[in-house]
Amino acid sequence: RMSMLKIKKGDMVKVIAGKDKDKEGKVVAVNQKDGKVVVEGVNMLTKHTKPSASNQNGGIIHQEGPIDISNVMYLHNGKATRIGFKMEDGKKVPCEGKLWYRGYDCIELVNGFRGDHFGFEEVAYLLLFGKLPNREELKHFNDILASSRTLPTNFTRDVIMKAPSSDIMNSLTRSVLTLASYDKNCSDTSIENVLRQCLGLIAVFPMLAVYGYHAYNHYSNDESMYIHRPQKKLSTAENLLMMLRPDKQYTELEARVLDTALVLHMEHGGGNNSTFTTRVVTSSGSDTYSVIAAALSSLKGPKHGGANIKVVEMMRDIEAHVSDWTDEDAVRAYLNKILSKEAFDGKGLIYGMGHAVYSLSDPRAQVFKSFVEKLAVAKGRDKDFALYSMIERIAPEVISQKSRIYKGVSANVDFYSGFVYSMLEIPLELYTPIFAIARIVGWSAHRIEELINMDKIIRPAYKSVMQELEYVPLNQR
């Protein structure tokens with residue numbers, strides 16, 4: 001059971017009322033009795049001074065009156081916290097990116113399960129329940145997911161195989177909405193029922209996506225169709241590869257790399273488009289299936305979930321037009337053409353570079369790169385990896401020469417994820433659905449938190465820019 005959350009020391013909050021409205025900071029003191037908080041950078045300010053006899057380190061802490069606890073809101077209490085900037089002397093400056101899941105650094109999480117066990121299930125437990133599981137809890141959680149990897153009788157034939165689409169995200173959304181018809185407690189929004197529904201969807205998402213692709217590939221491309229049943233003893237990553245491949249075969253390294261990709265795409269805070277959609281639709285009182293369908297509709301947009309596809313297409317274009325991939329000057333010249341809208345898709349963008357939050361680095365890309373290199377060596381794709389690494393290094397320089405950069409530019413996780421999926425022989429049509437297979441865990445956690453902590457519909461404020469007009473009769477227009 002999830003408990004009501006209280007603001008505590010160390011939480012990141014945002015002031016929502018009063019003279020300090022919209023300021024953000026870390027809670028350094030809480031007085032629950034008086035209902036007051038002290039927030040670093042808001043009502044606790046540090047002025048840097050020279051060291052003195054009374055203060056050897058220098059710095060004078062000036063504290064104004066405590067803020068009423070009702071005037072602040074959680075900024076990063078949810079599933080993921082990420083930073084790309086830090087405050088220095090009251091100024092916002094770029095810094096190395098950081099990403100935490102429930103307080104745990106994502107890099108430490110990946111290193112923690114590396115080589116020991118698969119991480120998707122462990123991190124899913126963490127995001128849903130707020131704590132890392134012990135071995136017994138993890139086994140029980142795995143058993144629940146394994147027993148939930150089943151679809152209603154004839155669902156594959158009657159729903160997935162009917163009217164197959166090349167847009168697997170649409171197929172996935174249709175399947176989710178249809179599953180609501182099989183749930184007699186579809187509209188029950190109690191936490192226990194919503195958790196049951198979310199776990200069920202997390203378990204079957206790989207089946208819905210892979211079966212949807214096989215149906216499309218058979219009926220549209222005249223290829224053979226394979227419907228492999230998931231195996232209870234396998235992890236989510238292993239099952240996905242097994243169900244996708246005709247011979248069911250995969251290597252340990254392939255499964256480990258895909259597992260890492262799923263973990264790194266699992267959650268990214270409440271501000272991204274699909275997760276905000278999850279919270280908005282949840283706040284209206286809608287059912288779990290409708291909420292997840294709405295999130296899928298958001299994620300399928302090319303500005304959100306389709307970025308790694310554009311990276312792969314761009315890299316293929318570069319490889320086709322640059323004869324010597326080791327010639328840095330030739331690669332740099334072609335990147336300049338892309339930025340000048342003279343090459344590739346004419347949009348003037350080097351895909352996979354830059355992020356709305358991160359500045360100097362995307363921690364997901366940093367931790368992912370070591371896995372990518374191992375897979376590239378195993379697959380004989382060393383030259384491709386060398387080209388990706390070169391572009392990761394020189395693209396920020398090219399971009400900074402063309403544009404005025406207010407923050408750092410670095411490779412994001414999408415830059416390498418598409419390359420990984422291509423090495424795993426995953427078709428382009430499944431790139432965004434795999435994102436969804438991971439991100440549904442984050443959506444589920446945010447939905448549960450929204451149901452527990454809030455009881456109001458989210459209504460964004462809009463400012464009207466209309467002009468009042470007088471009605472003109474039809475015969476006078």
Not counting sequence neighbours, list each pair that qualifies as a salt bridge (Lys or Arg N to Asp or Glu O under 4.0 Å) and has a residue in residues 426-446.
none
Please enumerate all residues that pass ring-ring contact (aromatic ring centres under 6.0 Å, His included) together with H304, with sequence neighbours excluded.
none
Row check, Y226 ring normal vs R245 NZ/CZ: under 6.0 Å, within 45°:
no
Checking side chain to side chain contact (heavy atoms under 4.5 Å, CB included) for the pair Y250/L234: CA distance, chi angles, key distance, verdict?
CA-CA 12 Å; Y250 57 89; L234 299 182; 3.4 Å; yes
Answer with yes or no whether the side chains of H446 and E267 bring together a donor and an acceptor at under 3.5 Å.
yes
Has the side chain of E373 got a donor or acceptor atom that lies under 3.5 Å from a matching backbone atom of S370?
no
Go through the side-chain N and O atoms of T282 and R447 and say whether any donor and acceptor fall under 3.5 Å apart.
yes
Return all side-chain donor-acceptor pairs below 3.5 angstrom for residues 459-467, not counting sequence neighbours, or 'none' if the list is empty.
| from | atom 1 | to | atom 2 | distance (Å) |
| --- | --- | --- | --- | --- |
| S464 | OG | M466 | N | 3.4 |

Tell me, please, which residues at least two apart from F419 pass ring-ring contact (aromatic ring centres under 6.0 Å, His included).
Y388
Considering residues at least two apart in sequence or located in another chain, which fulfil the salt bridge (charged side-chain N to carboxylate O under 4.0 Å, His left out) criterion with E319?
none
Expected output: side-chain E121 to main-chain T236 donor-acceptor under 3.5 Å
yes
Where at least one partner belongs to residues 163-175, residue pairs that pass salt bridge (Lys or Arg N to Asp or Glu O under 4.0 Å), sequence neighbours excluded:
D167-K300
Can you tell me if N308 and Y351 form a side-chain donor-acceptor pair at under 3.5 Å?
no
Before giving the answer on salt bridge (charged side-chain N to carboxylate O under 4.0 Å, His left out), spell out for E328 and R393 the whole-Å C-alpha distance, their side-chain angles and the decisive distance to 0.1 Å.
CA-CA 10 Å; E328 186 171 313; R393 176 172 52 83; 2.8 Å; yes
